[in-house]
Structure formats: structure tokens, C-alpha cells
Amino acid sequence: MAKAIKRAFFCNECGADYPRWQGQCIACHTWNTITEVRLAASSTSRAERLNGYAGSATGNQVQKLSAISLEALPRFSY
Ligand SMILES: [Zn+2]
């Protein structure tokens, strides 16, 4: 379960989404209109969040609460 690459399949005709690819769209009954869309951006941003969190944890010892909160906000916003 370590790999969590999000994939979605959308019909080009009606925009219906499916959890996996299929030859015919159930909504509009059109063949070969469903295309795969990979949401790779979420995995990369997740890795960046983990790196940022580890960095803040190591330099977190002698900072004031006000300074920490000012640095933490841009790291968690995306
Ligand atoms: Zn469709």
C-alpha cells in the first residue's frame, strides 16, 4: 500500500469518471472515449511535504512559538 498513485478515467464525451478503464462509457454508451488521467502532482507534493516536515523537526528546538508558526504556515499550504 506504499504506492498510492491516483488514477482516474474520464469519458471524453460526457465527462463521466470511472475507477478503472473500460471500453464503453456506461453513461453515454460511447466506445473508446474513456482516457486515463494520472494525478502525479499529489505524490510529489506529498514528498515535498514530508521533506519540509523533517527539516522543521530537526531545527525546532530553540525557536519561539511565534517564529515556528510563521515558518510552518507556508509549508503546509499548497
Ligand atoms: Zn460518456
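Both ligands and their constituent atoms are indexed starting at 1 by order of listing.
- Of all non-hydrogen atoms in Q24 and H29, the two that sit nearest each other are NE2-O, 3.4 Å.
- Note on the Zn ion (ligand 1): protein N/O/S atoms under 2.8 Å are C11 SG, C14 SG, C25 SG, C28 SG.
- D17 places no side-chain N or O within 3.5 Å of a backbone atom of F10 that could act as its donor or acceptor partner.
- Atom SG of C11 and atom OH of Y18 lie 6.0 Å apart (nearest 0.5 Å).
- Between C25 atom SG and N32 atom CG the span is 11.5 Å, to the nearest 0.5 Å.
- Note: T33 OG1 to E13 CD = 5.5 Å, rounded to the nearest 0.5 Å.
- Once rounded to the nearest 0.5 Å, the distance linking CD1 of I34 with CD of Q22 reads 4.5 Å.
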